[in-house]
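These numbers come from the heavy atoms of this one structure, side chains and all, not from hydrogens, waters or symmetry mates.
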Amino acid sequence: MAWLVLVISGLLETAWATALDRSAGLSRLVPTVVFVVTLVLSMAGLAYALRDIPVGTGYAVWVGIGAVGTALVGMLALGESASVPRILCLLLVVAGVVGLKVFH
């Protein structure tokens, strides 16, 4: 259960990072509310998961999911560059996250 919560919390990190960008410096109400709600849920899920998963592994997986997810949103929905080197770097992050889970 802790791993499932950790993955969902990582996905929520993608949501809050994207909402933070869309909030225009916390000046737009709806994205700001989405940012705050998803931030709190993401942190609460991370805290829950860290009861059973070591902090180094849990935090790295959480950040990795959030970073890759946010970069993908940027590339797929926000017009950021989707160059081959960027995609290869994201695959390296994914490999690291998978490795942390496998060798946990």
Side-chain angles (χ1 to χ4, degrees):
M1 183 60 123
W3 282 101
L4 176 62
V5 170
L6 184 63
V7 169
I8 292 168
S9 295
L11 295 172
L12 287 169
E13 183 185 4
T14 295
W16 69 250
T18 304
L20 180 60
D21 175 62
R22 301 284 98 190
S23 75
L26 304 177
S27 66
R28 296 177 59 220
L29 180 61
V30 172
T32 299
V33 170
V34 171
F35 162 69
V36 170
V37 169
T38 55
L39 176 67
V40 169
L41 291 173
S42 180
M43 291 292 174
L46 176 62
Y48 174 84
L50 292 182
R51 296 187 324 179
D52 295 321
I53 299 170
V55 67
T57 301
Y59 183 73
V61 169
W62 180 76
V63 167
I65 292 169
V68 170
T70 304
L72 288 174
V73 167
M75 285 187 249
L76 297 172
L78 304 177
E80 295 178 12
S81 169
S83 66
V84 171
R86 288 189 78 196
I87 293 169
L88 290 175
C89 289
L90 289 175
L91 289 173
L92 289 171
V93 174
V94 170
V97 168
V98 169
L100 286 170
K101 169 61 173 125
V102 168
F103 298 112
H104 165 66

Undergrad: Compare all side-chain heavy atoms of Ser23 with those of Leu26 and state whether any distance is below 4.5 angstrom.
TA: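 The answer is yes, as the side chains (C-beta and beyond) meet within the 4.5 Å cut-off.
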Undergrad: Do Thr14 side-chain atoms and Gly66 backbone N/O form a donor-acceptor pair below 3.5 Å?
TA: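 Yes.
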Undergrad: Hydrophobic cluster membership, with links at side-chain heavy-atom distances under 4.5 Å among I/L/V/M/F/W/Y: are Leu78 and Met75 in one?
TA: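 Different hydrophobic clusters.
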Undergrad: Do the side chains of Leu39 and Val5 join up, straight or via other hydrophobic residues, at under 4.5 Å, putting them in one cluster?
TA: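 In one cluster with Leu39: Val5, no.
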Undergrad: State whether the side chain of Thr70 and the backbone N or O of Ala67 hold a donor-acceptor pair below 3.5 Å, judged by distance alone.
TA: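 No; zero donor-acceptor contacts below 3.5 Å.
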Undergrad: Would you say Met43 ends up clustered with Leu20 if hydrophobic residues are merged whenever their side chains have heavy atoms under 4.5 Å apart, either directly or through other cluster members?
TA: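 Linked, Leu20 and Met43 end up in one cluster.
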Undergrad: Are Leu41 and Trp62 connected, step by step, through hydrophobic side chains (Ile, Leu, Val, Met, Phe, Trp, Tyr) whose heavy atoms are closer than 4.5 Å?
TA: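 No; tracing contacts between hydrophobic side chains, which count when under 4.5 Å, never links both residues.
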Undergrad: Shortest non-hydrogen contact from Ser9 to Leu46?
TA: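 Heavy atoms only, the tightest pair is OG-N, 3.4 Å.
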Undergrad: Between Ser42 (side chain) and Leu12 (backbone), is there a donor-acceptor pair under 3.5 Å?
TA: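 Side chain of Ser42 to backbone of Leu12, a donor-acceptor pair under 3.5 Å: no, none is there.
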Undergrad: If I compare all heavy atoms of Phe35 with all of Trp16, which pair ends up nearest, and what's the gap?
TA: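 The answer is CD1-O, 3.4 Å.
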Undergrad: For residues Ile65 and Gly10, report the shortest heavy-atom separation together with the two atoms involved.
TA: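 In terms of heavy atoms, the two residues are closest at CG2-C, 3.5 Å.
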Undergrad: What are the two closest non-hydrogen atoms of Leu100 and Ala60, and how far apart are they?
TA: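 That would be CD1-CB, 3.4 Å.
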Undergrad: Considering non-hydrogen atoms only, spot the tightest contact between Leu6 and Ala49 and give its length.
TA: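 Heavy-atom minimum between the residues: CB-CB, 3.9 Å.
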Undergrad: With clusters defined by side-chain heavy atoms of hydrophobic residues (ILVMFWY) lying less than 4.5 Å apart, directly or transitively, does Val40 cluster with Val34?
TA: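 Different clusters: Val34 never reaches Val40 through Ile, Leu, Val, Met, Phe, Trp or Tyr contacts under 4.5 Å.
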